[in-house]
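Only a predicted model underlies this, so the values are computations on that prediction, with no experimental measurement involved.
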Amino acid sequence: MWVISFRDPLAKGVVFALVALGLASGITACRPAAKREGIREPQAISASAKGTLELWANGEAFVREGLVSKDGWALQFEHVYVTLADVTAYQTDPPFDPQGEEELRAKALVSLTGPLTVDLVPAAGAERVLLGSLEAPPGHYNALAWRLVPAAEGPAKGYSLWIEGKARPAKGEGEGIPFVLKFSPELAFVCGEYVGEARKGFVQAGQVADLEATFHFDHLFGDGSLPPEDDLNRVALGFAPLVKLDPLSLEQRLKGGSDPLVWDDLQESGTASKTLLEILQNLGHVGEGHCRASSDRLDRTGS
């Protein structure tokens with residue numbers, strides 16, 4: 001059985017491409033060899049007895065269609081880059097409760113190598129982005145984990161989350177003010193079963209199943225369609241605090257007479273950054289299902 005611990009960080013950059021079934025052996029780099037005594041190696045499973053598990057990322061309609069922030073800004077998104085590593089699906093017994101105290105106990109797992117940078121603003125007509133497909137032993141994959149890490153290359157290099165778009169007052173007109181929001185924290189998310197209109201993660205031999213890492217950006221910007229006193233809006237940051245928008249320059253900004261508004265958390269410190277980190281830890285979900293988030297890396301050890 002695999003036990004997922006949140007206490008001891010892994011070395012940076014370690015990625016996995018693992019399949020384990022039954023009582024699986026641990027990763028030798030994570031524990032002394034003496035502890036491996038009595039652990040059976042996983043039995044080989046023929047390809048014909050396996051199925052396929054697709055792993056997806058979804059920014060929801062907020063990203064595809066835009067949203068109105070809690071402070072009255074209509075936001076349209078052009079690119080939302082996230083970089084994910086160690087995207088791992090688990091069969092857990094007992095079911096993992098991200099809101100509880102128990103560690104995740106897995107009897108099987110499959111994992112994508114990485115890191116992978118994807119744009120959550122998909123091509124026209126698409127609702128989500130495929131991270132990868134894995135050959136997987138049959139069973140119910142009822143937990144999903146990943147790390148949000150800074151990109152090593154590409155348009156979001158150096159940042160784990162890059163949001164680019166245009167903003168205008170919700171009651172205004174025009175194309176709006178271009179903005180770029182850049183976030184660098186490395187976060188680990190370990191989530192329970194997918195929650196949505198249909199249950200997911202049931203792999204059968206010769207069949208295709210799927211799981212989804214879902215990102216709820218209303219936790220960051222709030223939702224202008226909800227009352228200000230709504231629990232979501234009370235903890236969300238909104239848009240204006242991120243870019244420190246000066247009302248005196250608003251008219252000039254809307255006329256396109258200035259550079260894009262930029263937030264770079266590498267240049268920020270203090271209360272705002274601490275609040276932002278807490279918000280980002282609530283970004284990851286599995287549909288409407290919750291995740292346990294940490295700014296520490298995950299440690300995977302056999303037991």
Side-chain angles (χ1 to χ4, degrees), residues 1-10 16 18-22 24 51-60 82 84-112 114 120 128-132 134 136-149 186-204 208-220 231-232 235 278-303:
M1 180 177 291
W2 289 88
V3 179
I4 311 306
S5 170
F6 301 88
R7 292 189 294 271
D8 301 317
L10 280 176
F16 296 85
L18 303 172
V19 176
L21 185 66
T52 299
L53 182 64
E54 295 180 341
L55 300 178
W56 296 79
N58 189 347
E60 299 192 301
V82 292
L84 310 180
D86 302 343
V87 185
T88 305
Y90 302 91
Q91 296 182 30
T92 69
D93 187 16
F96 174 65
D97 179 7
Q99 296 179 300
E101 298 293 332
E102 296 297 321
E103 295 176 344
L104 185 153
R105 297 181 179 273
K107 60 182 182 180
L109 65 89
V110 292
S111 185
L112 286 172
L120 295 178
R128 53 186 188 167
V129 181
L130 181 65
L131 299 173
L134 296 166
H140 183 202
Y141 290 83
N142 57 354
L144 183 67
W146 68 89
R147 288 192 297 122
L148 192 66
V149 300
E186 182 170 339
L187 300 171
F189 296 91
V190 183
C191 314
E193 182 177 350
Y194 177 91
V195 176
E197 294 181 359
R199 299 178 73 189
K200 292 181 178 290
F202 291 92
V203 174
Q204 301 179 48
V208 178
D210 74 286
L211 282 178
E212 174 185 295
T214 315
F215 296 87
H216 288 198
F217 286 95
D218 53 341
H219 283 265
L220 175 60
D231 288 344
L232 175 70
V235 298
E278 293 175 358
I279 291 172
L280 293 181
Q281 288 178 340
N282 288 311
L283 196 66
H285 289 69
V286 277
E288 295 299 323
H290 292 112
C291 301
R292 185 183 299 176
S294 170
S295 56
D296 293 329
R297 301 182 187 91
L298 296 179
D299 176 38
R300 294 168 173 81
T301 57
S303 173

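Looking at every heavy atom in both residues, Val286 comes nearest to Gly192 through CG2-O, 3.6 Å. The two atoms that bring Val203 and Ala136 nearest to each other are CG1-O, 3.7 Å, heavy atoms only. In plain terms, the two heavy atoms of Glu193 and Arg199 that are nearest each other are OE2-NE, 2.7 Å. Nearest heavy-atom pair across Pro138 and Gln204 is CB-CA, 4.5 Å. Nearest approach of Leu144 to Ala213, heavy atoms of both residues: CD2-N, 3.8 Å. Summarising the geometry of Leu211 relative to Ala143, their closest heavy-atom pair is CD1-O, 4.3 Å, with the distance given to 0.1 Å.
Asn58 and Thr214 share no donor-acceptor pair across their side chains, judged by distance under 3.5 Å alone.
Here the CG atom belonging to Leu148 is positioned 6.5 Å from the CG atom belonging to Leu84, to the nearest 0.5 angstrom. To the nearest 0.5 Å, the span separating CG on Leu187 from CG on Asn282 amounts to 10.5 Å. One finds the NZ atom of Lys107 at 13.0 Å from the CG atom of Leu109 (value rounded to the nearest 0.5 Å). How far CG of Asp210 is from CZ of Phe202: 11.5 Å, rounded to the nearest 0.5 Å. Within the model, atoms OG of Ser294 and CZ of Arg147 stand 11.5 Å from one another, a figure rounded to the nearest 0.5 Å. Remark: Thr88 OG1 to Leu112 CG distance equals 8.0 Å, nearest 0.5 Å.
In this structure, the side chain to side chain contact (heavy atoms under 4.5 Å, CB included) partners of Cys291, at least two apart in sequence or on a different chain, are Trp146, Phe189, Cys191. Qualifying ring pair (Phe, Tyr, Trp, His ring centres under 6.0 Å) partners for His219, counting only residues two or more places apart in sequence or in other chains: His216, His285.
Judged by distance alone, with hydrogens and angles left aside, the side-chain atoms of Arg292 form a donor-acceptor pair with the main-chain N or O of Gly100 at under 3.5 Å. Side chain of Thr92 to main chain of Tyr90: no donor-acceptor pair is present (N/O by atom type, distance under 3.5 Å, no hydrogens or angles).
Using a 4.0 Å cut-off between charged side-chain N and carboxylate O, Glu212 and Lys200 make no salt bridge.
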Can you check side chain to side chain contact (heavy atoms under 4.5 Å, CB included) on Val235 and Ile279, steps first, answer last?
CA-CA 8 Å; Val235 298; Ile279 291 172; 5.8 Å; no
